[in-house]
Amino acid sequence: MTWLPYAVAVWLFVVGLYGVVTSRHLVHLIICLSVVQSSTYVLLLGIGFRAGAVAPVFADIPPGTPAVDPVVQALMLTDVVVEVTVTALLLALAVQAHERTGKLDPNELGMMRG
Amino acid sequence: MTSTTRLVVFAIAAATFAALLGAASAGIHPSNIYADFVNRVSVPERQITDAVTAVNFDIRGFDTLGEEFIMFASVLGVALLLRRQRDERDGPPVDRARGRSVPVSSDAVRILTIALVGPVVLFGIYVVVHGQATPGGGFQGGVVLATAPLLIYLAGEYGSLCRVAPRWLVETAEAIGAGAYGVIGAIAMLRSERFLENWLPLGRAGDVFSGGSVALIDLAVGLEVAGGFILLLLLFLEETLVRRDPA
């Protein structure tokens, strides 16, 4: 076990949050949120990793060979697909915000209107 | 709040958060008990050689049902947000970009993309149906399938895209895919087994028809993911190409 994936995960999370906080553009903000989310991929795959183990596919290797954790990989694979659709939802919100107000800078979108 | 105060507040909060997250990560001691268990049983008990698919659609199939409906709800939200507003009208589809004209797709791009559509569809179907045997399955194959309409659009054929993948067909495919997952689970209950219990003959590991009802769920998820992604593509293209703001 190594600490590197955990350090990368923490760094990705914080640097993504920095992007969200300082963002001047809604599309940039949504991409920063994707960066934050990708830290969970690194963290979970880091947890599932085992030195010297193979991929958990036993099509051409005998069952019982040491393999990495398939559970975190299953989480990743559904999450990657779900994340894309959630990003699309956020981008649709940005499109609507731009249509209603003509602005895309979150700092200028402070006022709420009924 | 000025941007400087915001940065200072963020710096303090982020440093604390990073320290705590780092400390929490240092305390993680991965346990391999569950992973080893899954890796051991997926072939003998489910005839599934890809343990990731075994987790997704059988051992933790209920969790994936939830994930799938998150996806379904997001796509539904996009459809709701990008519907035609009362003051908008539809015009002929044109690519538009602010401050410059949009170039027409070159012949090289058109030939390459149109030539790729067939192989991409075939590859997508291959990935969907071999989820039990090799890396792949409904999620991955569905995304591969959804790139085929995107290639048609890149070739500059928006009209053909609307004929190949009409809105009603894509919406129906997505809905059937999402519903079929639940129905496959409920059939197990009709046979007085637990929800999402594997109820088809398991077949032989490595075959296309192995893993019992996992093969069916793979197809359902592939249909839903492909439908959902193509629907997203159609919705955003409609918003940018067809919609005209009130003058």
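Numbers restart at 1 for each chain; the letters A, B, ... are given by sequence-line order, proteins then strands.
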Carefully, step by step, assess B/Arg84 and B/Glu238 under the rule salt bridge (charged side-chain N to carboxylate O under 4.0 Å, His left out).
CA-CA 9 Å; B/Arg84 191 193 301 117; B/Glu238 207 171 273; over 6 Å; no

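- No donor-acceptor pair closer than 3.5 Å links the side chain of A/His98 to the backbone N or O of A/Ala94.
- Heavy atoms closer than 4.5 Å to chain A are found in the side chain of B/Leu7, but not in its backbone.
- If you measure heavy-atom distances from A/Val95 to chain B, the contacts under 4.5 Å come from the side chain alone.
- There is no contact between A/Val80 and chain B, counting heavy-atom distances below 4.5 Å.
- No other option in B/Asn32, B/Thr134, B/Asp63 has as many heavy-atom pairs under 4.5 Å with chain A as B/Asn32.
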Given B/Glu67 and B/Asn56, is the side-chain hydrogen bond (donor to acceptor under 3.5 Å, both in side chains) satisfied, shown in steps?
CA-CA 10 Å; B/Glu67 295 251 19; B/Asn56 256 335; over 6 Å; no

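- With a threshold of 4.5 angstrom between heavy atoms, A/Phe13 approaches chain B through side-chain atoms but not through N, CA, C or O.
- Remark: A/Trp11 CH2 to A/Tyr18 OH distance equals 12.0 Å, nearest 0.5 Å.
- For a residue to count as touching a neighbouring chain, one of its non-hydrogen atoms must lie under 4.5 Å from one of that chain's; by this rule A/Gln96 touches chain B with the side chain only.
- The contact between B/Leu232 and chain A is made entirely by side chain atoms (from C-beta outward), counting heavy-atom distances below 4.5 Å.
- For B/Phe139, the parts lying near chain A are the backbone and the side chain together; criterion is any non-hydrogen pair under 4.5 Å.
- Counted within 6.0 Å of CZ on B/Phe236, heavy atoms from surrounding residues, nucleotides or ligands total more than 12; the atom is thus considered enclosed.
- Ring geometry, B/Phe69 versus B/Phe72: the interplanar angle exceeds 60°, so the pair is classed perpendicular (tilted spans 30 to 60°).
- Rounding to the nearest 0.5 Å gives a distance of 9.5 Å between CG of A/Leu75 and OG1 of A/Thr40.
- Looking at B/Asn198, its side chain does come within 3.5 Å of a backbone N or O of B/Gly211 through a donor-acceptor pair.
- In terms of modelled atom types and a separation under 3.5 Å, the side chain of B/Arg6 and the main chain of A/Val21 share a donor-acceptor contact.
- Residue B/Gln85 touches chain A through its side chain alone, counting heavy-atom pairs closer than 4.5 Å.
- Comparing B/Gly138, B/Gly206, B/Pro135, B/Gly137 by how many heavy-atom pairs each has under 4.5 Å with chain A, the most go to B/Pro135.
- Residue with the most contacts toward chain B among A/Val14, A/Leu91, A/Asp69, A/Thr78: A/Thr78 (heavy-atom pairs, distance under 4.5 Å).
- Salt-bridge annotation for B/Glu239 and B/Arg243: present, with a side-chain N of the basic residue lying under 4.0 Å from a carboxylate O of the acidic one.
- In this structure, no portion of A/Asp60 lies under 4.5 Å from any heavy atom of chain B.
- Defined by atom type and a distance below 3.5 Å, a donor-acceptor pair is present between the side-chain atoms of A/Tyr41 and A/Glu83.
- Neither the backbone nor the side chain of A/Leu90 comes within contact range of chain B; no heavy atoms are under 4.5 Å apart.
- Interface residue B/Ala18: backbone and side-chain heavy atoms are both found under 4.5 Å from chain A.
- For CD1 of B/Ile33, the number of neighbouring non-hydrogen atoms (other residues, nucleotides, ligands) closer than 6.0 Å is 12 at most.
- Panel note: side chain A/Ser23, backbone A/Val20; no donor-acceptor pair is recorded below 3.5 Å.
- For residues 34-54 of chain B, heavy-atom neighbours of chain A at less than 4.5 Å comprise B/Tyr34, B/Ala35, B/Asp36, B/Val38, B/Asn39, B/Ser42, B/Val43, B/Thr49, B/Asp50, B/Ala51, B/Val52, sorted by residue number.
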